[in-house]
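Here's the structure we're looking at; comments come further down.
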Amino acid sequence: MKRNIVIAAVTAAALIGGGTATALATTGDDDPGTTRQSDVRDRDDDARGAADDRADDDADDRDDSRGHDRDDRDDDRDDARASSAKVTAAEAVAAALKEAPGTAVSAELDEADGDDDGDDRERAVWEVDVLAGDGTWHSVWIDPGTGKVLGSETDDEDDTDEVRAALKNTSVDAAEAAKAAAGRGTVTSVELDEDGYRGDGVAAWEVETTSPGKGEQDWRVDLKSGKVTADRSHHSDSDDADDSGSDDD
């Protein structure tokens, strides 16, 4: 009898409150039993957790997709910038050294914002860093279309001694390194890595190229032999192993 009274009371409460009646487990006719509301809450929590996990996975997928899209757009811009440059990296280095004699340590085809005429559009420009004999650093900007010097400035660097030590008794300069790697694609940057691969102390030229279908690729050029190898700090795969030979340039 007591069980019937309890069930009736629960049903009435559900109807009045607009809720869902909770099943009651009993151990006998005269025992009120124990409620299983915790099981219902656990199932609700599990359902919400699964929905949240699905939402997080969907968000991650969207982020990955946007990341790939940005990478593709960056590659497209790099290809367009490189293909529009009539002046090669080696030629940009030569032009910069006429403006600021010394040793070219890096050259990069980059974007510059606007110009002195009020044009705020981004345009490509070669930036060449030169270490002069007196230890002064110069940044020289070269027009990639004409080879004209656009300007220069003096910089302060704290790695002068390391750079000089790395270049001591070497026979391959920045221009020659760029020429050596040119067979892999259009060279967009060449830079001295005085610390070596993962800090092994073996200095080399780091050269970046871009080409249709392959995008950006990174290479190392030996300072003495001019041999070109894939930069394993950027290439985790071995599909560039066939490109490990040196150029004849």
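Values in this document were obtained by computation on a predicted structure and should not be read as measured data.
- Here the OG1 atom belonging to T209 is positioned 8.5 Å from the NZ atom belonging to K214, to the nearest 0.5 angstrom.
- Proximity of a side-chain donor or acceptor of T210 to a complementary backbone N or O of T186 within less than 3.5 Å is not detected.
- What you find for A166 and L192 is that their closest heavy atoms are CB-CD2, 4.3 Å.
- Atom-to-atom distance recorded for H138:NE2 and D155:CG is 9.0 Å, nearest 0.5 angstrom.
- For V130 against A96, the heavy-atom pair with the smallest separation is CG2-CB, 4.5 Å.
- Considering V207, V228, D193 in turn, D193 is the only one that fulfils the side-chain contact (heavy atoms from CB on, under 4.5 Å) rule with R220.
- Here the closest non-hydrogen pair linking A177 and V190 is CB-CG2, 4.1 Å.
- One finds the CD atom of E208 at 4.0 Å from the CD atom of E216 (value rounded to the nearest 0.5 Å).
- Pairs passing the side chain to side chain donor-acceptor pair (under 3.5 Å) check and including a residue from residues 156-170, sequence neighbours excluded, read W137-T160.
- When all heavy atoms of S211 and G185 are compared, the closest pair comes out as CB-CA, 4.3 Å.
- In this structure A104 satisfies the side chain to side chain contact (heavy atoms under 4.5 Å, CB included) test together with V93, L97, V128, A174, sequence neighbours excluded.
- Minimum heavy-atom separation, P144 to L109: CB-CD1, 4.0 Å.
- Put simply, CG on L223 and CG on L167 are 6.5 Å apart, with the number rounded to the nearest 0.5 Å.
- Partners of L150 under the side chain to side chain contact (heavy atoms under 4.5 Å, CB included) rule, at least two apart in sequence or in another chain, are R123, V125, W141, D143.
- Listed for the W219 side chain is no donor-acceptor partner under 3.5 Å among the backbone atoms of R184.
- Rounded to the nearest 0.5 Å, atoms NZ (K86) and CD (E91) are 12.0 Å apart.
- When all heavy atoms of A89 and A178 are compared, the closest pair comes out as CB-CB, 3.9 Å.
- Put simply, the residue from E153, K98, E99 that forms a side-chain contact (heavy atoms from CB on, under 4.5 Å) with V140 is E99.
- With sequence neighbours left out, the side chain to side chain contact (heavy atoms under 4.5 Å, CB included) criterion links A95 to I142.
- Applying the side-chain hydrogen bond (donor to acceptor under 3.5 Å, both in side chains) rule to D222 yields the partners S225; only residues at least two apart in sequence or on another chain are considered.
- Screening residues 125-136 for side chain to side chain donor-acceptor pair (under 3.5 Å), with sequence neighbours left out, gives S106-D129, D129-S139, D134-T136.
- Remark: D218 CG to T229 OG1 distance equals 11.5 Å, nearest 0.5 Å.
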